[in-house]
Participant: 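Sharing a structure, written as structure tokens. Questions coming.
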Amino acid sequence: MKFELPKLPYELDALEPMISKRTLEFHYGKHHQTYVTNLNNLIAETRYENSDIETIIKDADGPLFNNAAQVWNHTFYFEELIKNGKPAPQGVFAEALEKSFGNYAGFKDTFAKAAIGLFGSGWVWLVKNQSGTLEIINESNAGNPLRRGLKPLLTCDVWEHAYYLDYQNRRADYINAFWSIINWDVIEKRF
Ligand code: MN
């Protein structure tokens with residue numbers, strides 16, 4: 001198998017109570033794993049057999065795009081989480097956030113509104129555009145900003161499978177909890 005499920009940088013219960021062990025058992029252990037398995041099956045004997053995942057995301061359509069992007073998006077999301085993250089970003093990244101959103105609270109507010117307003121399943125992204133400015137964008141389903149030439153910095157999975165076991169229909173509560181488990185060191189490095 002070409003693509004493999006990456007190891008989580010923490011234990012399955014590390015993000016409790018914001019994200020439960022049971023959610024991660026399904027979200028990481030079942031959903032993420034299934035996208036990896038599907039992707040490996042779909043690329044077999046196609047021209048993407050030896051492609052890297054970013055090439056597939058930029059190039060492919062239909063099930064191939066959906067599964068490649070879902071593998072990439074989940075890896076990116078799980079990597080940016082941590083138990084007891086620092087309370088706010090710092091350094092040049094924090095300055096860029098202030099430039100685009102006024103301050104950290106303004107950024108959180110804009111991001112949360114985008115996440116709550118996203119209809120159905122999808123991902124909210126903080127991205128750096130080609131002029132170096134930060135923007136928040138919504139993508140439906142498996143959508144990934146690499147396809148639009150944008151550099152992803154932070155994402156929140158707002159598919160119901162990401163929060164339903166812990167929060168049921170209360171997406172806003174999930175977003176609120178999300179802020180305390182972001183590993184800002186990872187985001188600062190991505191920036
Ligand atoms: Mn998900």
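FYI, the numbering just counts along the sequence from 1.
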Participant: Specify the closest pair of heavy atoms between V158 and W123, including all atoms of both residues, with the distance to one decimal.
Facilitator: CG2-N, 4.3 Å
Participant: Inspect the surroundings of CD in Q130 and state if more than 12 heavy atoms from other residues, nucleotides or ligands are less than 6.0 Å away.
Facilitator: no
Participant: Counting C-beta onward and ignoring hydrogens, is there a side-chain heavy-atom pair between I187 and N183 closer than 4.5 Å?
Facilitator: no
Participant: Check A177 against Y167 and note the closest heavy-atom contact, atom names and distance.
Facilitator: CB-OH, 3.2 Å
Participant: Can you confirm whether the side chains of E135 and N129 place a donor and an acceptor under 3.5 Å from each other?
Facilitator: yes
Participant: Quick one: closest heavy-atom pair of F65 and A60, and the distance?
Facilitator: CB-O, 3.3 Å
Participant: So does K113 have more than 12 non-hydrogen atoms from other groups sitting under 6.0 Å from NZ?
Facilitator: no
Participant: For the residue pair K83 and Y10, would you count it as a cation-pi contact if the rule is NZ or CZ under 6.0 angstrom from the ring centre and within 45 degrees of the ring axis?
Facilitator: no
Participant: For E11, look at atom CD and say whether over 12 heavy atoms of other residues, nucleotides or ligands are found less than 6.0 Å away.
Facilitator: no
Participant: When the aromatic ring centroids of W125 and F111 are compared, is their separation below 6.0 Å?
Facilitator: no
Participant: Test side-chain contact (heavy atoms from CB on, under 4.5 Å) on N67 and L42; report intermediate values, then the result.
Facilitator: CA-CA 9 Å; N67 284 281; L42 286 162; 3.5 Å; yes
Participant: Is there a side-chain contact (heavy atoms from CB on, under 4.5 Å) between F3 and Y35? Walk through the geometry before answering.
Facilitator: CA-CA 10 Å; F3 294 107; Y35 295 127; over 6 Å; no
Participant: Are L146 and P152 packed together at the side-chain level, in the sense that at least one heavy-atom pair is separated by less than 4.5 angstrom?
Facilitator: yes
Participant: What are the two closest heavy atoms between I43 and I56, and how far apart are they?
Facilitator: CG2-CD1, 3.9 Å
Participant: Indicate yes or no for a side-chain donor-acceptor contact from R22 to the backbone of L165 under 3.5 Å, with no hydrogens or angles considered.
Facilitator: no
Participant: Can I get a per-line list of side-chain donor-acceptor pairs under 3.5 Å for residues 71-78, giving both atom names and the distance, sequence neighbours left out?
Facilitator:
from	atom 1	to	atom 2	distance (Å)
W72	NE1	E54	OE2	3.0
N73	OD1	N144	ND2	2.8
N73	ND2	A69	O	3.4
N73	ND2	A142	O	3.1
N73	ND2	G143	O	3.4
H74	ND1	Q70	O	2.7
H74	NE2	H27	NE2	3.1
H74	NE2	D157	OD2	3.1
T75	OG1	H32	NE2	3.2
T75	OG1	V71	O	2.9
Y77	OH	Y174	OH	2.8

Participant: Search all heavy atoms of I175 against all heavy atoms of C156 and return the closest pair with its distance.
Facilitator: CD1-SG, 3.9 Å
Participant: State whether R190 and E80 are salt-bridged, where the test is any N-O pair (Lys NZ or Arg NE/NH1/NH2 against Asp/Glu carboxylate O) under 4.0 Å.
Facilitator: yes
Participant: When you look at K151 and V127, which way does the side-chain contact (heavy atoms from CB on, under 4.5 Å) test go after all the steps?
Facilitator: CA-CA 5 Å; K151 183 179 171 59; V127 298; 5.9 Å; no
Participant: How long is the gap from CG on L39 to CG on N66, to the nearest 0.5 Å?
Facilitator: 11.0 Å
Participant: Measure the spacing between OG1 of T155 and CD of E79 and express it to the nearest 0.5 Å.
Facilitator: 12.5 Å
Participant: For a 4.5 angstrom cut-off between non-hydrogen side-chain atoms, does E188 reach K86?
Facilitator: yes
Participant: Under 4.5 Å between any side-chain heavy atoms of I137 and L150, yes or no?
Facilitator: yes
Participant: Hey, can you tell me if H161 and H31 have their rings parallel, tilted or perpendicular (30° and 60° cut-offs)?
Facilitator: tilted
Participant: Do NZ/NE/NH1/NH2 and the carboxylate oxygens of D185 and K189 come within less than 4.0 Å?
Facilitator: no
Participant: Kindly work out whether a path of hydrophobic side-chain contacts (I/L/V/M/F/W/Y, heavy atoms less than 4.5 Å apart) joins I53 to L5.
Facilitator: yes
Participant: Taking atom types as modelled, find out whether D166 and T23 have a side-chain donor-acceptor pair closer than 3.5 angstrom.
Facilitator: yes
Participant: Can you see which heavy atom on I19 is nearest to which on L81, and at what distance?
Facilitator: CD1-CD1, 4.2 Å
Participant: Is it the case that more than 12 heavy atoms not belonging to R170 sit under 6.0 Å from its CZ atom?
Facilitator: yes
Participant: Cut-off 3.5 Å, side chains only: do T37 and T34 have a donor facing an acceptor?
Facilitator: no
Participant: Angle class for the F107/F101 ring planes (parallel below 30°, perpendicular above 60°, tilted otherwise)?
Facilitator: tilted
Participant: Do L153 and V92 share a hydrophobic cluster (ILVMFWY, side-chain heavy atoms under 4.5 Å, transitive)?
Facilitator: yes
Participant: May I ask you to establish whether R171 and Y164 are in a cation-pi arrangement, using a distance under 6.0 Å from NZ or CZ to the six-membered ring centre and at most 45° from the ring axis?
Facilitator: no
Participant: Assess, by modelled atom type and distance only, whether the side chains of Y48 and D59 contain a donor and an acceptor separated by less than 3.5 Å.
Facilitator: yes
Participant: Quick check for you: to the nearest 0.5 Å, what is the distance between K2 atom NZ and N40 atom CG?
Facilitator: 9.0 Å
Participant: Rounded to the nearest 0.5 Å, how far does CD1 of I181 lie from CD of E16?
Facilitator: 11.0 Å
Participant: Could you go through K30 and E25, starting from their C-alpha distance and side-chain angles, then the distance that decides it, and tell me whether this counts as side-chain contact (heavy atoms from CB on, under 4.5 Å)?
Facilitator: CA-CA 7 Å; K30 306 283 185 196; E25 282 170 350; over 6 Å; no
Participant: Calculate, to the nearest 0.5 Å, the distance between atoms CG and OG belonging to L118 and S140 respectively.
Facilitator: 5.5 Å
Participant: Measuring only between side-chain heavy atoms, which start at C-beta, is I82 closer than 4.5 Å to I182?
Facilitator: no
Participant: For T55 and D52, which I'm curious about, is there any donor-acceptor pair between the side chains at under 3.5 Å?
Facilitator: yes
Participant: State plainly whether one hydrophobic cluster holds both F26 and V36, where clusters connect Ile, Leu, Val, Met, Phe, Trp and Tyr through side-chain heavy atoms under 4.5 angstrom apart.
Facilitator: no
Participant: Mind checking the CZ-CG spacing from F191 to L154? Nearest 0.5 Å is all I need.
Facilitator: 13.0 Å
Participant: Any side-chain heavy atom of E160 within less than 4.5 Å of one from S121?
Facilitator: no
